[in-house]
Every structure is written in C-alpha cells, then in structure tokens.
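The block underneath contains the structure these notes are about, expressed in structure tokens.
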Amino acid sequence: MRFIDARCQLGRRCVIRENEPVTKAEILELMDRCRIERAVAYHAIAKEGDVKAGNMELLKDTEGDSRFLRQWVALPHTFGEFMSVEELLKGMKENSVSSIRMFPKTHGYSLKPYALGKFMDAMAEHKIPVFMTYNELASEDALYAMLTDYPKVNFIISDVSYREERKLFPILEHCPNFHIGTGNYVVHGGVKTMCEYFGAERMIFDTGLPTGSAAAAVSLICFAEISEEEKTLIASGNLERMLSEVEL
Amino acid sequence: MNWEQYIFEGKPFEGIYIFDVHGHVGAHKPFQLGGYDADSVAKTCRRMNVDGVVVSSLPALASDWKWGNEEVAASVDAYPGLIWGYASPNPFYEDCDITPYLDLPGFVGVKIHGDMQGSTPVNDPRYFPTYEVANERGLPVLFHAWLSAEVRAAADVARRYPNTKIILGHSGMTARDTALEVARTCDNIFIDTAISSTYDNAIEVLVDKVGADRVVYGSDICFFDCIHTMGKIALARISDTDKEKIFGLNARGLFSL
C-alpha cells in the first residue's frame, strides 16, 4: 500500500519536545520507517512567523526533492499584507504548489464571504483543495458555515480527535465537500465506522509530522477493519485524485 | 520479529504476549465512543491478538460506582481470561467498599480517576481505605495522570503505600517530565502508553529515562482504539526485547498472571 501524507510541516518551529523530529532528514527517516512515499508539506515559518517568507522558504527546502508536494499557507488579501488572488495563483503555478493551508485562528481572520469570498471563489474555480486543522475553527458551527458558504471547495480538516463524532457526523452527512484527515482520528473502530456511514472517499491519510506520529497514523489504516480498496483510497487514492484535478 | 511486515500487511502480531493495562467498558457522557460494551472490546482484542485487557467502567468513574463496578463484573464474567477487572471507588460515599469486587475472580486491580470525581486529588484521605486494601494485597492501582499535580498526588500515594504498584496512565501526558521524575524516585511506579496524540520517538524517551521494565502497554480502549498505540510501540527504535516487555511481559509480573 502506498501512503501519501496530506499534512507535514518542514522547518524550524518555536516549541519542540524532547527527541521530537526537527530536520528534514529526521522527517524523511520517519517517512521511510513508516513507508510514506511522499508528503504534502508547508513551512513552519509560514504558520508561526511570516506567511510570505515561509512560503518562499518552502520552495528552497523542497527544491529538487520529489518526496514533498508543495503547499502554501494563505492569508486573505486585505490591504496589501498578502499577495492578491491573481498573484497567488500565478505563484502556485510557477512553483508547482498544488494546495493551500489556512490558519484562521492562529492568523486571526474571518472565514466569512465578506473576507474570503473572492479567495474561495478562486479555490473553487481552480479546484484547489484547502487544508485546515479542526482547532483552527471556532466551533462545529463555524465549520458547517464554512462548508456551506463555499460548497464547491474541497476542504480537508485534520487533527480531528476521538471526541468529535456527535458534532461532525451530521456535518459529514450534509456537506460532501468535507473530508477528514485521519492522523489523530483514533476512535475505537472509527475508520471502519466512517467508511460504513460516509464512504472511504471522505478520509485522507495524514500524519501531522513532525509533531504527530507517523507510526500511529499508518497503523490506524493498516489495521482498520476495511477492504484493501478502501485502505488504498484513504492512504493515497483520494488525495492523488484531488490534486490531479487542480487546474492552474 | 518483523514488526513492519505485520503492520503493513495489516496482520495482528503473532508469537508475542500482549496485555493491555488500561481499558474501559461503558458509555461516556461528553462524546460518542466507538463500540464500548464488553463484546466490542473483546472482539477488537481477539482480532488484534491481545491476550488480556484490564477494564474499568466509565460509569463507575463518572456516575454510579456500584452500577459501574457491576458492569465490570459482568464483562469479566462474559470473557474470563481475556477481560480482567479494575474496581473503582467513589470518595463521596462513606459506604463505598470495593473489597467485595476485589474478592471476585478476575478483578486484579483498582482504577481511580480523580478528575472525573469532582477533581478530587487521588491522595485525598477518602481514597485511603481503598489503598489500604490494595497495599495489603499488593495490587496495581491505575491512575488517570494528566497534569503535574495529578502525577505528584499519585506519587504521594505510591510513597504512602509502597506495596501497591502504581501505574501512571497516559505517561503523565502534559506532565511527562514529572511522571518520569517520580518514576525514577519510586520503584513502585510504572508508566503506561495510553496517549491519543503524541509524536514519534516519544516511546524511546520513556525507555531511555526510566527503562523498559517500567513502561507498560495501555491503550485506553474503548475510549479510543488500541491499534495506533500498538503501531507506535512496534515501530519505535527500541529493541525487540524492550518491545516485548512493554507489550506484556511487564504487565504479567505486575498483575501476577
């Protein structure tokens, strides 16, 4: 089974725990250990420091490296702080960046159409998937509002814990553009349950490397009580299909 | 043992003794659990070649202690030799005596979750009668140990009752360094691996700091699944001997199985 990780962070972050991987070499060692072929990667500086500079650092850190699929972090284009939507799309095309990650809570902006409408229209038009962690959203209602405000954008929401099913299952039922990153989805039998209710197409393998566990993430899929076809979709198929549909 | 082959072929480990020191049965009010009855827990354990799991009842910890302990007794009865029981006291009931449960076959220890019981520190004297029984019998006591204050309260119990075997659930989680510190100073403290979200190389830190003899496999099933923790241990950069100790050999000694 081929694994492609939909959530990996490169670069030096502010806080690290003892023995936690930091360098690209350490991340690659873990990817090898856990048989992860490639990873969608954004840069730590783009999250924690300077978004534009972090996106440029990503280009440098992944230059000539086919193990990483480039992902940029985006801000709303407000008053000159970040590139315009047109500049963003041009930059993505020129630098083989195929997806976007957003941190609305960390970076402090609204997801409502008055702030992000034009940006999300472009994501929909160019079929660019948008990634977020669940803790970047204020609530399940904020998630539902975002999914219904932008029904043509594919969202991958990761770091969904074992405590969220009551909140998220009704949203999965109503919002086909909602996909769950599997990395921290450790519900007892949860992957199987999700497949039964909503189909394997709604799950996308991710690890959260280097702060998440790749070993745990691959085990959740390998040991899940689902078919090989479903495992393949989750491990790489769904993400590859989504990225292949991007039009830049 | 080729751990990677088992994982990537999705097959349960073979030829290794696996004993889970941290399990539950029963529903939990704040959120939906996966299968939480004894049948569901036993099914997963059998599917993953787990030789035994010790469970407490979530309702015993957070609701009616007697009703919950009866739930554990029924689970142990239904799956003898596979599901073992923790008895859980409630500090708010003077008439709460869990000794009759500890007298039942298949009950092998005590589980206490002070945070679920009104944030009661586990070294509150109202728990002492339970510890006295555990100390007299040399039983393991599993604590929910998340915060530094919880770890230190558990260490206080370990010092007061040296014949008990204290298991710090969740490796202290946000207070891991405190958990490792108290484990180094109290020989009767052990650390379990039940963490939903952690990083690769964290198991290695536990083994490096306190030795593999003091680390025990705990999954927190059915609170969450057991399979991700199995993978973290199996793919850790530690020796096969250490993995076997963590997966079950240490627990065999702890629970006198």
Side-chain angles (χ1 to χ4, degrees), chain A residues 1-3 16-22 26-27 29-36 135 159-170 182-194 207-228 231 235, chain B residues 3-13 23-24 28-37 40-41 43-44 47-49 174 176-177 180 193-209 219-237:
Chain A
M1 186 168 19
R2 296 170 57 244
F3 280 101
I16 54 171
R17 294 170 287 187
E18 185 173 355
N19 214 23
E20 200 174 54
V22 177
E26 289 168 335
I27 290 170
E29 187 278 322
L30 272 164
M31 288 170 63
D32 290 340
R33 196 195 305 180
C34 297
R35 301 190 185 179
I36 297 169
N135 63 3
D159 215 7
V160 172
S161 85
Y162 57 94
R163 295 170 176 257
E164 309 298 339
E165 289 191 339
R166 279 184 197 149
K167 299 171 186 168
L168 299 188
F169 275 16
T182 58
N184 197 27
Y185 187 63
V186 297
V187 177
H188 180 208
V191 172
K192 179 186 180 191
T193 303
M194 188 84 77
T207 66
L209 272 173
T211 56
S213 168
V218 296
S219 302
L220 277 169
I221 306 307
C222 290
F223 287 136
E225 216 175 354
I226 56 176
S227 70
E228 287 303 310
K231 288 182 183 178
Chain B
W3 303 91
E4 293 181 9
Q5 185 176 346
Y6 282 103
I7 288 174
F8 291 104
E9 290 181 3
K11 293 178 180 168
F13 306 131
H24 298 283
H28 191 49
K29 63 178 183 291
F31 50 87
Q32 178 176 344
L33 296 172
Y36 57 74
D37 57 9
S40 299
V41 171
K43 184 176 174 226
T44 298
R47 186 170 76 82
M48 296 306 296
N49 282 350
T174 55
R176 185 186 61 184
D177 289 348
L180 294 171
T193 59
I195 306 172
S196 66
S197 171
T198 187
Y199 59 99
D200 293 301
N201 302 341
I203 297 290
E204 287 88 328
V205 173
L206 302 181
V207 171
D208 181 53
K209 298 290 184 186
S219 75
D220 219 349
I221 191 172
C222 60
F223 215 74
F224 32 82
D225 214 318
C226 61
I227 55 183
H228 60 289
T229 303
M230 286 183 157
K232 277 186 275 197
I233 298 168
L235 291 175
R237 288 290 193 248

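On a predicted model such as this, the values are computed, not experimentally measured, just so you know. In what follows, chains are A, B, ... by sequence order, proteins preceding strands, each numbered from 1.
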Task: Gap separating the CD atom of B:Glu9 from the SG atom of A:Cys222, nearest 0.5 angstrom - done: 10.0 Å
Open item on the list: Would you compute the distance between atom OH of A:Tyr162 and atom SG of B:Cys222 and round it to the nearest 0.5 angstrom?
Closed with: 12.0 Å
- [ ] Sort A:Glu26 into side chain, backbone, both or neither according to what part of it lies under 4.5 angstrom from a heavy atom of chain B.
- [x] neither
Open item on the list: Quick check for you: among B:Arg176, B:Arg47, B:His28, which has the greatest number of heavy-atom pairs under 4.5 Å with chain A?
Closed with: B:Arg47
- [ ] Considering only heavy atoms and a distance below 4.5 Å, find which of B:Met48, B:Lys11, B:Gln32 pairs most often with chain A.
- [x] B:Gln32
- [ ] Given side chain to side chain contact (heavy atoms under 4.5 Å, CB included), test B:Asp200 with A:Leu209 step by step and report yes or no.
- [x] CA-CA 9 Å; B:Asp200 293 301; A:Leu209 272 173; 3.7 Å; yes
Task: Contacting moiety of B:Ala236, where chain A heavy atoms sit under 4.5 Å - done: backbone
Task: Most chain B-contacting option - heavy-atom pairs closer than 4.5 Å, from A:Glu225, A:Glu165, A:Met1, A:Lys231 - done: A:Glu225
Open item on the list: Report which part of A:Thr193 has an atom under 4.5 Å of a heavy atom belonging to chain B: side chain, backbone, both, or neither.
Closed with: neither
Open item on the list: I'd like to know if the side chain of B:Asp225 reaches the main chain of A:Val186, judged simply by a donor and an acceptor atom lying under 3.5 Å from each other, with no hydrogens or angles considered.
Closed with: no
Task: Nearest atoms (heavy-atom pairs only) where B:Ile227 meets A:Ser219 - done: O-CB, 3.5 Å
Open item on the list: For B:His24 and A:His188: C-alpha separation, side-chain torsions, deciding distance, then whether side chain to side chain contact (heavy atoms under 4.5 Å, CB included) applies.
Closed with: CA-CA 11 Å; B:His24 298 283; A:His188 180 208; over 6 Å; no
Open item on the list: Less than 4.5 Å apart, side chain to side chain, heavy atoms only: is that true for A:Asn19 and B:Asp208?
Closed with: no
TODO: Find the distance between CZ (A:Phe223) and OH (B:Tyr6) and round it off to the nearest 0.5 Å.
DONE: 10.5 Å
Open item on the list: Walk me through whether A:Val218 and B:Phe8 qualify under side chain to side chain contact (heavy atoms under 4.5 Å, CB included).
Closed with: CA-CA 8 Å; A:Val218 296; B:Phe8 291 104; 4.1 Å; yes
Open item on the list: Just so I understand: if I count every heavy-atom pair under 4.5 Å between each of B:Ala234, B:Ser219, B:Pro30 and chain A, which residue has the most?
Closed with: B:Pro30
TODO: Against chain B, work out which of A:Asp159, A:Leu220, A:Ile221 has the most heavy-atom pairs shorter than 4.5 Å and name it.
DONE: A:Leu220
Open item on the list: Whether the B:His228 and A:Ser213 side chains hold a donor-acceptor pair (N or O, under 3.5 Å, no angle test) is what I'd like checked.
Closed with: no
- [ ] Measure distances from B:Ile7 to the heavy atoms of chain A and classify the residue's part below 4.5 Å as side chain, backbone, both or neither.
- [x] both
TODO: Specify which of A:Glu20, A:Arg17, A:Arg33 makes the most heavy-atom pairs with chain B at under 4.5 Å.
DONE: A:Arg33
Task: Side chain / backbone / both / neither for B:Ser40 at chain A, heavy atoms under 4.5 Å - done: both
Task: Euclidean distance, B:Phe224 CZ relative to A:Arg163 CZ, rounded to 0.5 Å - done: 9.0 Å
Task: Nearest heavy-atom neighbours spanning A:Ala215 and B:Gly231 - done: CB-O, 3.8 Å
TODO: Measure across A:Val187 and B:Gly34 and return the closest heavy-atom pair with its distance rounded to 0.1 Å.
DONE: CG1-N, 3.9 Å
Open item on the list: Need one label for A:Lys192: side chain, backbone, both or neither, based on atoms under 4.5 Å from any heavy atom in chain B.
Closed with: side chain
Task: chain A contact via B:Arg237 - side chain, backbone, both or neither, heavy atoms under 4.5 Å - done: both
